[in-house]
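Structure first, commentary second.
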Amino acid sequence: NVAGLNSNYPDGSPELVQPCNANCTCSTQNFAPACGGTTTYFSPCFAGCSGLSEDGTKGIDCACVRLFSGNVSSEVTAGAYCPESSDCPPSTLGIFLFLLFLVMFFTFLNNTPAQISLLRAVPL
C-alpha cells in the first residue's frame, strides 16, 4: 500500500500532497516507492525529503517521516516498499492447490477405466 495512492497517510488523509511535502513540488510522472518508518510513500519527494544520499538509495531529512513516525533520523529507503504487517491473513494458495490436485486425481482416476471399457465394447 502506498500512502496517498491506495491507502491513507498515517494521519488519515488520502491525498498525496500533505502539509509536510507541499513545498516540494513533487511530480507524479515517475513512481519510485520509498519506505519510511512503516509507511510506503509514492517517492522520496512525497515523503518530504530534502534530497537523496550520494548513491541515491536513501532520502534524507524527510519531513513526513519525521512527522508521522517520530523518527529522529527521518530517512527513507528509496526504491523499496515497506514490508507488510504480519497481521495479514494467511494465503489460501496451499489449500487451493491441494483441492485442485484432488479434483484432477479423481477426474483422471475415472478416465482410464472408462477408456478400457470403451475399447472392449467395440467389436473387432
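The first residue in the sequence is number 1, and the count goes up from there. Quick note: numbers below take in every heavy atom, side chains included, and nothing from hydrogens, waters or symmetry partners.
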*Residues clustering with L97 (ILVMFWY side chains joined when closer than 4.5 Å, directly or via others)*: L93, F96, L100, M104, F108
*Starting from I116, walk the hydrophobic network (Ile, Leu, Val, Met, Phe, Trp, Tyr; side-chain heavy atoms closer than 4.5 Å) and list everyone else you reach, by chain and number.*
none
The criterion is side-chain contact (heavy atoms from CB on, under 4.5 Å); which residues satisfy it with [X], sequence neighbours excluded?
X    : result
N30  : none
F106 : L102, L109
C82  : C35, T40

*asked:* Going by ring-ring contact (aromatic ring centres under 6.0 Å, His included), name the residues that satisfy it together with F31, two or more places apart in sequence or in a different chain.
replied: F42
*Can you see which heavy atom on L16 is nearest to which on G4, and at what distance?*
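Heavy-atom minimum between the residues: CG-O, 3.6 Å.
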*Compare every heavy atom of A63 with every heavy atom of C20, then report the nearest pair and how far apart it is.*
O-CB, 3.6 Å
Do [X] and [Y] come within less than 4.5 Å of each other through their side chains, counting heavy atoms only?
X   : Y   : result
Y41 : C64 : yes
K58 : V76 : no
P44 : L52 : yes

*Backbone N or O of F46 within a donor-acceptor pair of the N21 side chain at under 3.5 Å?*
yes
*asked:* According to side-chain hydrogen bond (donor to acceptor under 3.5 Å, both in side chains), does anything in residues 95-116 pair up with another residue at least two apart or in another chain? List the pairs.
replied: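 Applying side-chain hydrogen bond (donor to acceptor under 3.5 Å, both in side chains) to every pair that reaches into residues 95-116, excluding sequence neighbours, yields nothing.
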Residues which pass side-chain hydrogen bond (donor to acceptor under 3.5 Å, both in side chains) with [X], listed by chain and number, not counting sequence neighbours:
X   : answer
T28 : none
N6  : none
S50 : none

*Got a sec, which residues hit disulfide bond (SG atoms under 2.5 Å apart) with C24, two or more places apart in sequence or on another chain?*
none
*Flag yes if more than 12 heavy atoms outside D55 fall under 6.0 Å of its CG atom; otherwise flag no.*
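It does: D55 CG has more than 12 such atoms within range.
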